[in-house]
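The block underneath contains the structure these notes are about, expressed in structure tokens.
These numbers were taken from a predicted model, which means no experiment stands behind them. Computed from heavy atoms alone, side chains included, the values below leave out hydrogens, waters and symmetry copies. Atoms within each ligand, like the ligands themselves, are counted from 1 in listed order.
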Amino acid sequence: MNIPRLHFAHLPTPVETLPRLSERLGIRILVKRDDQTGLAFGGNKTRKLEFLLAEARAQGADMVITGGAMQSNHCRQTAAAAARFGLDCTLVLVGEPPSQPSANLLLDTLFGARLVWTTPDQRDETMLEVTALARAAGRHPYLIPYGGSNETGALGYVFAMEELLRQEVAPDWIVVASSSGGTQAGLVVGARMFGYEGRILGISIDKPEVELSRDIVADLAARTARRLGENLAITQEDILVNDSYLGQGYGVLSEREIEAILLFAQTEGLLLDPVYTGRAAAGLLDLIRQKFFAPHETVLFWHTGGTPALFARRYSGDILKAIQS
Ligand SMILES: *Cc1c(COP(=O)(O)O)cnc(C)c1O
């Protein structure tokens, strides 16, 4: 099957052992460094964009439109990839423009993206509106969904699983942050197609378990498999999601995330991000403490990036104290 793909990610990303963290936690932990995919500070959206931008070009698009949170890593990587391939990029962002753009938002503007601001309940409408206006102006827009999570973007993670299996590390578990579901869906399809026998656990960042596993990941995984000409029966029962770590909601930092960020930084010199990998790693720590994994098992933490968001916020009060202690 001929599926268009561009090649700009730095692949394969390394798999690293984390000896000091493993010793501290009493279980063997590896990390897959998709925070190092090479494009504009890296992250999981880069693999998806290899397929999405190839499809955009195959369809003759001259611009891409996508959306997300103000500090969206997906938007930052999309803006960078669009710049690299000479496509205009419009980002529909939720919120109000701050007087001083920082972190991912600063990078969006460096990459020359046009920013359109909207509210949470109008975001879908605004994306469609922006697309319709572009068409009316004679442009050829290509619309990328939130998080790049459709059956094209998820292909990036089908082949990421193939890549991991070639690295011959065979972890018993893969633990990964899951939000719009494309990463987990791709991994699940890749596991079936290429014969990964361990289990894949998504730590939900912002959605209840049933919604993410049933409505999003299982459905997207089945559609992604079909895109590859494979008829895989994938149901909710095949998808493992844990939604115990949603805390006060998307992007709200709690002591759990701070503990995880500090532990990874101070045992391994490894940076996590405050929104996704910090939360997923906090879930991993808690599950280890609850003895969810058997002591002889190996857990691979799939690092999905997001570290520029570390610079998006001011740290004060309790958080600074936690960082200093
Ligand atoms: C988007 C993102 C995720 C979630 O990936 P999905 O495919 O949307 O589930 C995880 N981590 C980081 C850093 C992200 O930017």
* Of L201, I203, V217, V189, which meets side-chain contact (heavy atoms from CB on, under 4.5 Å) against Q184? -> V217
* Among Q167, R33, Q36, R47, the one residue meeting side-chain hydrogen bond (donor to acceptor under 3.5 Å, both in side chains) with T13 -> R47
* Per-atom contacts of ligand 1 with S178, taking only distances under 4.0 Å to non-hydrogen atoms -> 9 (O)
* Asked: Would you say G182 touches ligand 1, if touching means a heavy atom closer than 4.0 Å?
  -> yes
* Structure fact -> Per-atom filter on ligand 1: closer than 4.0 angstrom to a heavy atom of T183 are 5 (O), 6 (P), 7 (O)
* Numbered atoms and elements of ligand 1 in range of S149, under 4.0 angstrom, heavy atoms -> 7 (O)
* Between K48, K45, Q184, which one has a non-hydrogen atom sitting closest to atom 1 (C) of ligand 1? -> K45
* Asked: Just which atoms of ligand 1 are under 4.0 Å from any heavy atom in T304?
  -> 10 (C), 11 (N), 12 (C), 13 (C)
* To do: Return yes when N44 approaches ligand 1 closer than 4.0 angstrom through a heavy atom, no otherwise.
  => yes
* Flag side-chain contact, heavy atom, 4.5 Å: Y276 against S179 -> yes
* With a 4.5 Å limit on heavy-atom distance, are the side chains of F301 and T277 in contact? -> yes
* Asked: Would you say G43 contacts ligand 1, with heavy atoms under 4.0 Å as the rule?
  -> no
* What closest approach, in Å, do L91 and A113 show between heavy atoms, and which atom pair accounts for it? -> CD1-CB, 3.8 Å
* Salt bridge flag under 4.0 Å for residues E268 and R20 -> no
* Distance to 0.1 Å, residue and atom name: give those for the protein heavy atom nearest to atom 9 (O) of ligand 1. => S179 N, 2.7 Å
* Asked: N/O of G305 under 3.5 Å from N/O of ligand 1, yes or no?
  -> no
* Could you find the nearest protein heavy atom to atom 8 (O) of ligand 1 and give me its residue, atom name and distance? => S180 OG, 2.5 Å
* Does NZ or CZ of R123 lie under 6.0 Å from the centre of the six-membered ring of Y146, at an angle within 45° of the ring axis? -> yes
* Does the distance from a Lys or Arg side-chain N to an Asp or Glu carboxylate O, for E230 and R192, drop under 4.0 Å? -> no
* Mark up the atoms of ligand 1 that fall under 4.0 Å of a heavy atom belonging to G306, in ascending order. => 13 (C)
